[in-house]
Amino acid sequence: MLRQSPTSPLLSVPGAVPAEGRDEGVAAHYGDLFREQRALAAGTGLVDLSHRGVVTVTGEDRLGWLHLLLTQAVSELPAGQATEALILSANGHIEHALYLVDDGETVWAHVEPGTQEALIAYLESMKFFYRVEVADRTDDIAVVHLPAGSIADVPDGVAVRETAYGRDLFLPRGDLAAYAGSHGPLAGMWAYEALRVEAHRPRLGFETDHRTIPHEIGLIGTAVHLQKGCYRGQETVARVHNLGKPPRRMVFLHLDGSEVHLPPHGTPIRLKADGEEGRQLGFVTTAVRHHELGPIALALVKRNVPVDAELLAGGTAAAQEVVVEA
């Protein structure tokens with residue numbers, strides 16, 4: 001069972017509605033989903049990601065050691081440069097996703113809520129003679145997301161991951177309420193997830209299952225460096241890249257806007273021509289309501305599904321856009 005992070009103090013903000021499932025502990029929204037999305041898209045406000053796990057690695061061997069374990073090349077990672085990486089099983093299936101930055105002394109990474117203990121257990125088992133220390137900082141550090149274009153200040157001494165999608169701050173948990181109070185408006189997980197889906201960005205545990213490999217969800221080149229080896233699962237990555245095609249591919253769906261309910265995670269995907277009794281070709285991974293695009297979703301489908309085929313997500317008509325080439 002995944003250990004939940006501390007409940008965010010921002011859930012006491014008037015209008016806050018708690019998120020459920022994997023995102024329990026922070027707000028789903030603060031009363032106006034589309035206003036919150038528009039604020040993020042305009043580069044204002046912040047998202048409380050304090051339910052995410054936080055792991056640090058210190059010691060003079062930290063980058064070289066992580067380079068041997070991760071799918072990303074980090075041995076020469078410049079201080080302040082954000083990157084993302086995976087840890088794979090021996091068969092190349094995705095087990096962990098890390099969003100990290102090195103500040104010159106410490107590697108800071110945030111991970112899916114509740115996954116930090118299993119990640120740390122694996123890292124500890126691989127320390128051997130390397131001069132590294134791994135720590136779970138979830139209880140004292142809260143992740144805060146500032147959207148791209150935000151001009152909000154960053155407190156001195158706070159580690160920052162700056163990407164094309166915005167900045168992730170590793171903020172002392174005790175400072176969360178005060179910082180949020182002076183850097184609003186607040187946006188909840190529903191708004192954050194809507195922009196994630198729009199950007200075709202996969203999320204561990206949503207766009208992945210126990211057999212997902214990086215090629216299926218478009219992580220080659222972003223979280224997986226093809227010019228490095230020496231990590232668990234590398235043989236599968238190289239073989240599929242050089243000799244074959246992944247069995248599935250992630251797609252972006254425009255859902256029929258007349259439907260009242262969004263198809264939940266796991267909803268079967270079928271060909272529209274075959275109807276709701278047709279053969280299952282995949283499943284919905286994340287469905288959201290977007291302030292401009294309406295209901296949209298990400299899904300995993302079999303690679304041989306025609307890219308121009310009209311689909312059904314449960315009983316909802318869906319038009320697909322290619323995210324990962326067939």
Side-chain angles (χ1 to χ4, degrees), residues 2-3 5 49 52-143 157-163 168-173 204-205 208 210 212-215 219-241:
L2 299 180
R3 180 177 73 85
S5 302
L49 299 180
R52 291 185 65 80
V54 176
V55 176
T56 59
V57 182
T58 55
E60 58 186 286
D61 293 339
R62 65 190 183 281
L63 291 177
W65 176 67
L66 286 171
H67 183 82
L68 298 174
L69 304 177
L70 304 179
T71 58
Q72 186 60 270
V74 297
S75 60
E76 305 297 329
L77 185 67
Q81 180 175 309
T83 191
E84 56 188 86
L86 308 174
I87 289 178
L88 307 179
S89 73
N91 293 322
H93 302 137
I94 299 173
E95 292 190 344
H96 293 282
L98 296 80
Y99 300 86
L100 55 88
V101 67
D102 183 79
D103 67 5
E105 297 182 352
T106 301
V107 173
W108 296 82
H110 64 79
V111 299
E112 281 299 316
T115 65
Q116 64 271 16
E117 290 184 347
L119 171 62
I120 290 172
Y122 172 70
L123 294 177
E124 288 285 351
S125 75
M126 301 300 290
K127 284 173 65 172
F128 303 117
F129 56 86
Y130 290 95
R131 294 163 293 185
V132 295
E133 295 296 330
V134 181
D136 184 350
R137 301 294 303 277
T138 308
D139 288 343
D140 63 295
I141 298 294
V143 180
V158 170
V160 180
R161 289 187 71 253
E162 184 159 4
T163 73
D168 298 334
L169 278 55
F170 293 86
L171 194 71
R173 192 169 287 273
L204 182 74
T208 69
H210 67 283
T212 304
I213 60 175
H215 314 67
L219 293 181
I220 301 299
T222 56
V224 178
H225 195 293
L226 289 175
Q227 274 64 59
K228 73 175 290 280
C230 303
Y231 60 88
R232 189 174 66 178
Q234 186 266 340
E235 294 84 358
T236 297
V237 170
R239 184 172 63 252
V240 173
H241 179 74

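None of the values given here were measured: they were computed from a predicted structure.
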Those residues that, when tested against Glu60, pass side-chain contact (heavy atoms from CB on, under 4.5 Å) (two or more places apart): Arg131

Check: Arg137 and Asp140 side chains under 4.5 Å, non-hydrogen atoms: yes

Side chain to side chain donor-acceptor pair (under 3.5 Å) against Thr212, all qualifying residues, sequence neighbours excluded: Asp209, Arg248

Intermediate values then yes/no, side chain to side chain contact (heavy atoms under 4.5 Å, CB included), Tyr231 and Ile87: CA-CA 8 Å; Tyr231 60 88; Ile87 289 178; over 6 Å; no

Nearest atoms (heavy-atom pairs only) where Gly229 meets Gln234: CA-CG, 3.7 Å

Any donor-acceptor pair under 3.5 Å from Lys228 side chain to Leu70 backbone: yes

Residues forming a salt bridge (charged side-chain N to carboxylate O under 4.0 Å, His left out) with Lys127, sequence neighbours excluded: Glu124, Glu133

Side chain to side chain contact (heavy atoms under 4.5 Å, CB included) evaluation trace for Leu219 with Leu86: CA-CA 9 Å; Leu219 293 181; Leu86 308 174; 3.9 Å; yes

Closest non-hydrogen atom pair between Gly53 and Thr138, with its separation: CA-OG1, 3.5 Å

Non-hydrogen atoms of Ala97 and Leu204 that approach each other most closely: N-CD2, 3.9 Å

Set of salt bridge (charged side-chain N to carboxylate O under 4.0 Å, His left out) partners for Arg173, sequence neighbours left out: none

All side-chain contact (heavy atoms from CB on, under 4.5 Å) counterparts of Glu105, not counting sequence neighbours: Asp103

Residues that Thr83 engages under side chain to side chain donor-acceptor pair (under 3.5 Å), provided they are two or more places apart: Gln72

Stepwise side chain to side chain contact (heavy atoms under 4.5 Å, CB included) test for Thr71 and Leu88: CA-CA 8 Å; Thr71 58; Leu88 307 179; 3.7 Å; yes

For the student: nearest non-hydrogen atoms of Thr236 and Ala90, plus distance: OG1-O, 4.4 Å

Residue pairs, two or more places apart or on separate chains, that pass ring-ring contact (aromatic ring centres under 6.0 Å, His included) and touch residues 83-108: Tyr99-His110, Trp108-Phe170

Donor-acceptor contact below 3.5 Å, side chain His241 vs main chain Leu226: no

Pairwise distance CG(Leu49) to CG(Leu169) - rounded to 0.5 angstrom: 10.5 Å

Set of residues satisfying side-chain contact (heavy atoms from CB on, under 4.5 Å) with respect to Glu162, sequence neighbours excluded: Arg167

All pairs passing salt bridge (charged side-chain N to carboxylate O under 4.0 Å, His left out) where residues 78-101 contributes a residue, at least two apart: Glu95-Arg232

Least distance between heavy atoms, Pro214 atom then Val224 atom: CB-CG2, 3.7 Å

Full working for side chain to side chain contact (heavy atoms under 4.5 Å, CB included) between Thr163 and Asp168: CA-CA 8 Å; Thr163 73; Asp168 298 334; 5.6 Å; no

For Arg239, salt bridge (charged side-chain N to carboxylate O under 4.0 Å, His left out) partners two or more places apart: none

Side-chain heavy-atom pair Val240, Ile213 within 4.5 angstrom cut-off: yes

Over all atoms of both residues, closest heavy-atom pair of Glu117 and Asp136: CG-OD2, 4.5 Å

Pairs flagged by salt bridge (charged side-chain N to carboxylate O under 4.0 Å, His left out) wherever residues 62-76 is involved - sequence neighbours left out: Arg62-Asp102

